[in-house]
Protein chains: 2
Amino acid sequence: MSANRLSSAKRIPARAKLIDAAHLLVRRQGYCATSVDEICAAAGVTKGAFFHHFASKEALGAAAAEQWTARAEELIFTLPPWVRIEDPLERLLAHIDFRLFMIDGAPEDFTCFVGTMVQESFASSEVLRSASDASISAYCERLAVDIEAAIALYGIRDGVSAISLAYHVQAVLQGAFIIAKARNALKEARESVLHLKRYIKMLFNRVDTQ
Amino acid sequence: MSANRLSSAKRIPARAKLIDAAHLLVRRQGYCATSVDEICAAAGVTKGAFFHHFASKEALGAAAAEQWTARAEELIFTLPPWVRIEDPLERLLAHIDFRLFMIDGAPEDFTCFVGTMVQESFASSEVLRSASDASISAYCERLAVDIEAAIALYGIRDGVSAISLAYHVQAVLQGAFIIAKARNALKEARESVLHLKRYIKMLFNRVDTQ
DNA sequence: AAAAACATACCAACCAGTCGGTATGAGTCA
DNA sequence: TGACTCATACCGACTGGTTGGTATGTTTTT
């Protein structure tokens, strides 16, 4: 029994702590500006532990992107009560309301890890670009299932496709994050998401019902 | 008379070459990943010249943001023929078409310098954050003038404000850039701008006229 | 002549990544 | 039960190269 070690049952593995620290720091500072030493310090582990679990900083980025997908699936598509709303259009609008509600506090707490990382890596690291793409596309494809159900039930204007609208939702959110960061305010970012909600209601001819 | 120097009339000053190189490299790699040495090499000047014109890398970033605003004003709001379309709504829709048309080739050629830079600097450099904000907001305020004219002439649904819609346009574009970078394809990014165009037409009750 | 516009050489700090070593717990067998 | 082996997890000093920035000298323009 060692005093400075927690029991194996209660100890959070270094790997998970490193990924959590990466999520936090990269969202605040960007991928390149965040050093391995900084991530280790934030995670409370040493550099030796870092390179025991990850072959490189790039490998951590890819693993953190994968974890980000799982986190989004849980926090957005599984845990919230509104995911059990039966009507698919009401569920879709609740989804947008939820994303609007998430835009609160500091940008590093509501912005997207992979959206930030891909900006710096799309041309220089195919590993990070495709890992980010996988995360964003997984979100969109999951969202498209709900949109498709709403289309099947209510129809949609102009033959808009579910997956195309899902990517548009993602684009508005990513864009709103940039506006929030630049403005150092949330007003314009939130209003942009409200524009998105109005657009979706119009597509489904639901403009009258607030 | 020196052979390896151009005459003063034809020589592009080092300052302008450094800003151009920064625009190119930062859009491709990000702000942090682009080193001062790299910018100097791309501009064809030495490090001494760099620090003669700019007090720091941060100062170059701020100057490049200011230049980006002037560049956008010229390339988007002055030079194109469609800016002289009289009807403000037609002009607005032509603006969206133009932005859609710009999404072509490599992301580093159509994406936004300040949008990329602000992601990495919003929390760590107030200088770069406010410089980026100034550039984005200048674009939005300029665009809002045209939107306001369209509203005055045709009215708009739900009392949508011109400046709010302008920021939404900007958000969709910034988001589309991220999608394009992540996907390594232009389809989803372009479709997102088409969703934006459809939304604007709906707001102005112009859904029937293609 | 004087100032502005460069160029060259250099520096301390920091970077990602390496490496030899230790701590710990599970499995094995007498 | 207890000595032995082995794999995994983790440690921290170290390295070669790169970073933003500086000090000083030279050329060009006014």
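Every value quoted in this text rests on a predicted model; they were computed, and no experiment measured them. In what follows, every chain begins at residue 1, and chains take the letters A, B, ... in the order their sequences are listed.
Residue R15(A) contributes atom CZ, which lies 10 Å from atom P of dA9(D) at whole-angstrom precision. Here the C1' atom of nucleotide dC10(C) and the CG atom of D37(B) are 13 Å apart, to the nearest Å. Nucleotide dA9(D) holds its C1' atom 12 Å from the CG atom of L18(A), rounded to whole Å. In this entry the distance linking NZ of K17(A) with C1' of dC10(D) reads 11 Å, nearest Å. Following rounding to the nearest Å, F54(B) (CZ) and dT22(D) (P) show an atom-to-atom distance of 15 Å. The distance between atom CZ of F50(B) and atom C1' of dG20(D), rounded to the nearest whole Å, is 9 Å. For F51(B) and dT24(D), the CZ to C1' distance is 16 Å, given to the nearest whole Å. Straight-line distance from the CD1 atom of I39(A) to the P atom of dC14(C): 17 Å, rounded to whole Å.
Closest to the A14(B) side chain, of the nucleotides dC15(C), dC6(C), dT18(C), is dC6(C). For A49(B), whose side chain is taken as the heavy atoms from C-beta onward, the closest listed nucleotide among dC10(D), dG20(D), dC6(C) is dC6(C). The side chain of V45(A) sits closest to dC11(D) out of dA9(D), dC11(D), dG20(D). Closest to the H52(A) side chain, of the nucleotides dA9(D), dT18(C), dT19(D), is dA9(D).
Defined by atom type and a distance below 3.5 Å, a donor-acceptor pair is present between the side-chain atoms of E38(A) and Q29(A).
Between the base of dA7(C) and the side chain of K47(B) there is no donor-acceptor pair shorter than 3.5 Å. For dG17(C), the base has no donor-acceptor partner in the side chain of K57(A) [N/O atoms by modelled type, under 3.5 angstrom].
Residue T46(B) has no polar side-chain atom (N or O) positioned under 4.0 Å from OP1 or OP2 of dT8(C). Contact between the side-chain N/O atoms of H53(A) and the OP1/OP2 oxygens of dC10(D) is found at a separation under 4.0 Å.
Residues E126(A) and R129(A) are paired through a salt bridge, judged by an N-O separation under 4.0 Å between the basic side chain and the carboxylate.
Atom CD of E108(A) has more than 12 heavy atoms from other residues, nucleotides or ligands within 6.0 Å.
Atom OG of residue S192(B) and atom CG of residue L186(B) lie 13.0 Å apart, to the nearest 0.5 angstrom.
In this structure, K57(B) is positioned above the aromatic face of Y31(B), its NZ or CZ under 6.0 Å from the six-membered ring centre and within 45° of the axis.
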